[in-house]
Q: 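Okay, handing you the structure first.
What you see is a predicted model, and the numbers here were worked out from it, not measured in a lab.
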Amino acid sequence: MANKRYSDAAAALEGLLFDGMHICAGGFGLCGIPERLIDAIRDAGVKDLTVASNNAGIDGEGLGKLLRTRQIRKMISSYVGENKEFERQYLAGELEVEFCPQGTLAERCRAGGAGIPGFYTKTGVGTAVAEGKEVKTFDGQDYILERGIFADLAIIKGWKADEAGNLVFRKTARNFNQPMATAAKICVAEVEEIVPTGSLDPDCIHLPGIYVKRMIVGAPYDKKIEFRTVRPREAA
């Protein structure tokens with residue numbers, strides 16, 4: 001069995017990065033984002049990237065780091081409301097954006113990973129999302145054609161993996177990491193812990209190791225919080 005474990009993120013990405021590439025990035029908000037791999041991509045200096053991700057991070061965190069260094073040319077995302085630099089670049093015409101409904105984005109990546117080039121959905125019919133897309137009628141209702149997404153590289157974050165690359169996600173981190181992992185020519189994962197092969201319950205594995213080509217241990221992590229809401233102090 002090939003050794004899939006690498007010493008650090010830079011080593012795991014060696015030979016995989018190039019200008020103009022397409023990347024699928026896992027994560028849900030700041031939950032389950034591949035922090036170490038994003039840092040390594042920033043440090044590598046590759047540019048003109050197209051990145052498919054549920055969100056674009058926030059200013060200075062997650063994919064926001066790659067926006068700050070102007071390495072991303074196009075974002076394919078469903079939620080970008082917490083990133084002021086994203087907003088500035090988009091409004092200034094410096095960043096190309098393809099907005100995609102959240103469920104549609106997940107299905108586009110799942111379809112790409114399954115070898116399905118496209119599918120029809122009602123989501124977005126009659127809105128700006130449908131502009132320029134084929135419309136087909138089924139049973140008297142209109143559906144729009146959405147293309148599957150298949151990238152050069154997937155970067156994901158998992159909770160626990162075994163040495164064969166079988167991987168377990170934790171809670172909402174599973175939402176986009178799982179479909180993104182399958183939707184690329186090669187998947188690189190960072191995890192919090194790697195355990196011996198056979199240690200994980202086969203029925204609890206979320207991503208089979210065949211999809212994971214390289215992996216690193218990224219721990220320890222600092223928990224990032226997007227919004228910190230504090231209840232007003234009650235009068236004594």
Side-chain angles (χ1 to χ4, degrees), residues 20-33 48-59 61-64 66-67 70-156 169 171-185 187 206 226-227 229:
M21 70 185 303
H22 188 168
I23 297 174
C24 279
F28 193 70
L30 292 183
C31 175
I33 58 174
D48 296 328
L49 304 175
T50 295
V51 181
S53 172
N54 176 57
N55 64 90
I58 61 176
D59 293 300
E61 297 293 345
L63 292 173
L66 301 183
L67 288 169
R70 310 297 296 276
Q71 290 170 261
I72 297 177
R73 178 186 63 82
K74 178 180 178 179
M75 284 294 310
I76 305 173
S77 294
S78 63
Y79 180 71
V80 295
E82 308 307 325
N83 195 314
K84 294 297 183 183
E85 179 59 17
F86 181 105
E87 178 184 10
R88 188 199 67 75
Q89 290 185 24
Y90 173 60
L91 294 177
E94 300 169 0
L95 176 68
E96 185 179 349
V97 178
E98 182 180 335
F99 286 114
C100 185
Q102 192 168 83
T104 300
L105 179 61
E107 181 63 9
R108 288 179 69 187
C109 293
R110 190 206 67 81
I116 299 170
F119 59 91
Y120 289 94
T121 176
K122 282 186 66 65
T123 305
V125 171
T127 72
V129 171
E131 292 179 4
K133 296 176 182 175
E134 178 187 332
V135 178
K136 197 175 182 72
T137 302
F138 295 91
D139 300 322
Q141 298 194 48
D142 289 342
Y143 293 75
I144 59 175
L145 176 65
E146 292 282 0
R147 295 296 305 272
I149 292 175
F150 193 75
D152 300 299
L153 172 69
I155 55 172
I156 65 167
F169 300 107
K171 300 182 178 180
T172 54
R174 184 178 176 183
N175 288 358
F176 273 89
N177 276 297
Q178 188 175 29
M180 293 297 189
T182 68
K185 297 174 184 176
C187 172
H206 297 142
E226 291 173 80
F227 287 105
T229 303

Q: Is a side-chain donor or acceptor of S78 paired with a backbone partner of P101 at a separation under 3.5 angstrom?
A: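 Pair absent, no side-chain N/O of S78 close to backbone of P101.
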
Q: Can you say whether the rings of Y143 and F138 are parallel (under 30°), tilted (30 to 60°) or perpendicular (over 60°)?
A: perpendicular

Q: Any salt bridge linking E94 with R73? Criterion: basic side-chain nitrogen under 4.0 Å from a carboxylate oxygen.
A: no

Q: So V97 and K74, do their side chains get closer than 4.5 Å, heavy atoms only?
A: no

Q: Ignoring hydrogens, what is the shortest heavy-atom contact between G124 and A130? Give both atom names and the distance.
A: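 Closest approach of G124 to A130, heavy atoms only: O-CB, 3.5 Å.
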
Q: Give, for atom CG of D48 and atom CD of E96, the distance between the pair rounded to the nearest 0.5 Å.
A: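 Result: 11.5 Å between the selected atoms.
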
Q: If you draw a 6.0 Å radius around NZ in K122, do more than 12 non-hydrogen atoms from other residues or ligands fall strictly inside?
A: yes

Q: Does D59 use its side chain to pair, donor to acceptor, with the backbone of E85 at less than 3.5 Å?
A: yes

Q: How long is the gap from CZ on R110 to CG on L105, to the nearest 0.5 Å?
A: 13.0 Å

Q: Tell me the salt bridge (charged side-chain N to carboxylate O under 4.0 Å, His left out) pairs involving residues 129-148, sequence neighbours left out?
A: K133-E146

Q: If we only count heavy atoms from C-beta on, is the E107 to T121 side-chain gap below 4.5 Å?
A: no

Q: Measure across A184 and L153 and return the closest heavy-atom pair with its distance rounded to 0.1 Å.
A: CB-C, 3.5 Å

Q: Would you name the heavy atoms of L63 and N55 that are closest together and state the gap between them?
A: CD1-O, 3.6 Å

Q: Only counting residues at least two apart or in another chain, list the ones meeting ring-ring contact (aromatic ring centres under 6.0 Å, His included) with F99.
A: Y90

Q: If you take all heavy atoms of Q102 and F28, which pair is closest and at what distance?
A: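 It is NE2-CE1, 3.9 Å.
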
Q: Return the set of residues passing side chain to side chain donor-acceptor pair (under 3.5 Å) with T182 (not counting sequence neighbours), or none when no residue passes.
A: none

Q: Once you round to the nearest 0.5 Å, how far does NE2 of H22 lie from OG1 of T50?
A: 6.0 Å

